[in-house]
Each structure stands twice: as C-alpha cells, then as structure tokens.
Protein chains: 2
Amino acid sequence: MIDTRERILDTAEALFGERGYAATSLRQIIAEAGVNLAAIHYHFGSKEHLLDEVVLRKAAPVNQERMARLERVEAGGEPLTVERVLEAFMVPMAETAEQNPQFVRLMGRMHAEGLMPGIVERHFQPAIGRFLAVMRKVLPELSEEEFLWRIHFMIGAMAHTMCGAPDHTRVAGAPGSFRTRIDRLVAFLSGGFRAPVPRRQEIEVE
Amino acid sequence: MIDTRERILDTAEALFGERGYAATSLRQIIAEAGVNLAAIHYHFGSKEHLLDEVVLRKAAPVNQERMARLERVEAGGEPLTVERVLEAFMVPMAETAEQNPQFVRLMGRMHAEGLMPGIVERHFQPAIGRFLAVMRKVLPELSEEEFLWRIHFMIGAMAHTMCGAPDHTRVAGAPGSFRTRIDRLVAFLSGGFRAPVPRRQEIEVE
DNA sequence: GTCTATACTGAGATAGAC
DNA sequence: GTCTATCTCAGTATAGAC
C-alpha cells in the first residue's frame, strides 16, 4: 500500500494527541492504521522518530507564519509593542489550533510529557530566535537575565495554555476559543513583561 | 529489614527527581536501595502508589506553611495585595526547595511528565482552594472566567519555573536562587494579574 | 523497495514458597 | 515480610516474502 506512511502519520498524530506519547503503543497505532508493526520501523526507524515526523509535517506552516508576522510587525508603520510581538508569535499556533485542534493538543501533550525541549530545538528554533530578538527590542529596560527569566515564565504559561484549559471551560467551550484564549494570554503576559523588576532584598539572608 | 520501606522511598525520591518517573524503572530503584523487586509491590502496591507516597511525605509541611502564611496575610495589618498572596503561596515551596532541592525538582518533573493534575488533587488541594479564595478577594474586578484563566496561566508559569530555569542560569546558578526566582516570578505574575482585560474584538471574524 | 512474521530484551505486576 | 519465578505487554531488531 502506497500510503502506509501517511496512514501511520495520521493515526499517530491522532493517538498521540488523544492519549499522549508514552501511553500510546506502536501496537495501538498499527491496529488502527491497519498496517504491520515493522512498517513503522521501516519508515521511521523508531517511535521517537515517528513523533518527529508527525511534528515536522505541521510545524513548517506555523514557523512560516510566525516569521512573516514578526517581519510585518517589526517593519510595519504601527508602533512596536509587547502585545503585538507576542501576538505575532502566538496567533499562528492558535490559527493552526482552530483548523486542526489535534496538532496543538499534541503540542501540549508533548510539553506535558517533557518532550518539548527536544522538539522545539529540532522544529521551532529559528522562529523562536527571531521572536526573542524582536521581543528584546521592545523591552530594552530589562536586564538580560530578567528578560530570559520572563521568557521562561511565558513559555510555561503558553505551553500550559495550549495544552489545556481551566476546568470550568467545559461549559463555555465554543468555537473560536483558541483565538480568544490567546487574547487573554497576550494581555496577561504583556502585564507580566512590563511589571517592575523586583528589588532583591533578602539574598544576603541565605 | 525493618527500614526497607524508607530505603525504597528515599531512593525513589532521588531517582524520580533525577531521571523522571517514567524513565526510572523499579529495577533501578531496587538495585540502588538493595531490596527485592517484589518488596516495592508489597509495600506500595504499584509504581504509581510509590510515587504518591514519595510526594505525601514531603507535601504536608508545604501545605501547612501555605495555610499559615495565607492566614497571616489575610488577617495581618498590612494591606492585602496580589504580591503578598502570591508570595504566601509560592514561598513555602521555594523554602522547601532550598533545603531539599530534590523534592521540588521532583515536583517539576511530575508536571513535565503530565502527572501533576492527579498529584495536586490528591496532595495539595486544600491549600490551593484557600489560595484561590484569598486571591479572588484581591482581584474582585476580574470576571470569574478571566480570573480562572489567569490562574491557569499562573500555574503553567509556576510549574515550568519550579521544574527548570533558562539555559543561561547554568553559569549564574548560586545558592539562594530558588527564593530569588520566586521573587521574579511573583513580580511577573502580579503584572499579569493586574493587566487590563483584553477587549475581545475579532470573535465575529471566525 | 515495501511489508510480514517472528523473536528479543526489559518493563510492571503477581502468585506462592519460605 | 521477603524472595523466586513467572506473566503480560512494551519497544526494538531482523530475516525473508513479494
């Protein structure tokens, strides 16, 4: 069968997103995809490489859109603000989520399973580097260390938000919700990035 | 051997924290602890229950300290602020981390492996409920929905921060760093909680 | 080149002897 | 309480059919 490879990828994307990477066995994937176990290893080499291919298929458009938006936001006539830069970075993922919720759920899952550092490095790095550079421009008053910590906080909040939502949203869950949750997140993070740097009073105590 | 149980718990705490829960096999634990494989199942029933016991041992003091600080902050003469409430919630964990970095690293690891929702529910819920109630008091202007989303963002940032640090910190990693990273986080989150609520402009587009 | 059948190693879990 | 032996199922590897 010529599309064995695609069938494996589609099924893996769905199952990894639903149940998580670790909790999905290759045997579940082959059962649902109707292929042989060894076909996975023939086409992908290992479960980990399979995951990589699943991500790779979908990451490219997100990266392109991020780059384009960052370019636009940096060159555009409107003033460069924290909000706009954050939006340029987040909206592409939210838009993908709108059309393909599975993929973003998968991203969240990967983070929840501690697999994101590697995946980010392999598939999202260039756009992230660009984002950091532009972000730095709108936050020149922060020390490099404080800046990196705040980026760290942001990543945590973002990943957690892509992954899931507060319990109460079961009720209010409506279409368009990914975009609106990004709006909330951008507002929150902007407040965080602009917050005054704490005076570090009690270092000498320790 | 009478302290088989304790030896298993100590070793499990160390290994789970170092390598993660999934990556640590029961066979590694028994090798390092010098006990038999079946002893784990005898004393704890399963790998998951073992993890629960590891967490339970250390969670109690954190919960007590959180409750005490929230009480103090709510009843105290100083004005109730977002910063103070956040601190009351975060500092106990940071202090534990200072003396016992393994435990907090373990907490971070659990989050990174997607095990936290269950653990939180089983071991940290009362203090969290109290925290939410006090937090709500200092943020009366937020809608319930916006409030819960911001708590959601906070949890993501917090967990990610407990878990790890930006790459550059390898160099600057110094004693007392847990407390100072909490100071940074509290400042960031306070800015986020106080940020103006976004006008939700483009919902009709979708 | 693609895929199937099957075997290998190591995981968590369990029964039953001591 | 503890340990040996064993079970099931995971990911992986390979030999060989087409």
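Quick note on labels: first sequence line is chain A, next is B, and so on, each numbered from 1.
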Of the candidates D:dT12, C:dA5, D:dC3, the side chain of A:Asn36 sits closest to C:dA5
Sequence neighbours excluded, the answer for side chain to side chain contact (heavy atoms under 4.5 Å, CB included) partners of B:Asn63 is B:Ala59, B:Phe124, B:Ala127
* Should the ring pair A:His152 and A:Trp149 be called parallel, tilted or perpendicular, given that the plane angle runs from 0 to 90° and is split at 30 and 60? -> perpendicular
In numerical order, the residues of residues 12-25 of chain A whose heavy atoms come under 4.0 Å of DNA chain D are A:Thr24, A:Ser25
From CG of B:Leu26 across to C1' of C:dT14 the rounded distance in Å is 13 Å
Residues passing the side chain to side chain contact (heavy atoms under 4.5 Å, CB included) test with B:Arg27, sequence neighbours excluded, are B:Ser25, B:Leu37
Taken to the nearest whole Å, CD1/A:Ile29 to P/D:dT12 is 11 Å
Taken to the nearest whole Å, CG/A:Leu37 to C1'/D:dA15 is 15 Å
Parallel, tilted or perpendicular, judged at 30° and 60°: which one describes the rings of B:Phe188 and A:Phe193?
perpendicular
Sequence neighbours excluded, the answer for side chain to side chain contact (heavy atoms under 4.5 Å, CB included) partners of B:Ala187 is A:Arg150, A:Pro198
Q. So, the side chain of A:Lys47 versus the backbone of A:Tyr21: is there a donor-acceptor pair under 3.5 Å, distance only?
A. yes
The helix from C:dG1-D:dC18 to C:dC18-D:dG1: angle between terminal helix axes, five bp per end, to the nearest 10 degrees, reads 10°
Expected list for residues 38-48 of chain A near DNA chain D, using heavy atoms below 4.0 Å, is A:Ala38, A:His41, A:Ser46, A:Lys47
Q) Side chain of B:Glu83, backbone of B:Ser190: donor and acceptor closer than 3.5 Å? A) no
What about B:Arg27: does its side chain form a donor-acceptor pair under 3.5 Å with the base of C:dG12? yes
Where the side chain of A:Thr24 meets the backbone of A:Leu15, is there a donor-acceptor pair that is under 3.5 Å apart?
yes
*Indicate yes or no: at least one non-hydrogen side-chain atom of A:Met162 is less than 4.5 angstrom from one of A:Ile182.*
yes
Regarding the side chain of A:Thr4, the nearest nucleotide among C:dA13, C:dC3, D:dT12 is C:dC3
Taken to the nearest whole Å, CD1/B:Ile30 to P/D:dA5 is 14 Å
Rounded to the nearest 0.5 Å, the CD atom of B:Glu6 sits from the CD1 atom of B:Ile8 at a distance of 10.0 Å
Per side chain to side chain donor-acceptor pair (under 3.5 Å), A:Glu74 is matched among A:Lys137, A:Arg84, A:Arg69 by A:Lys137
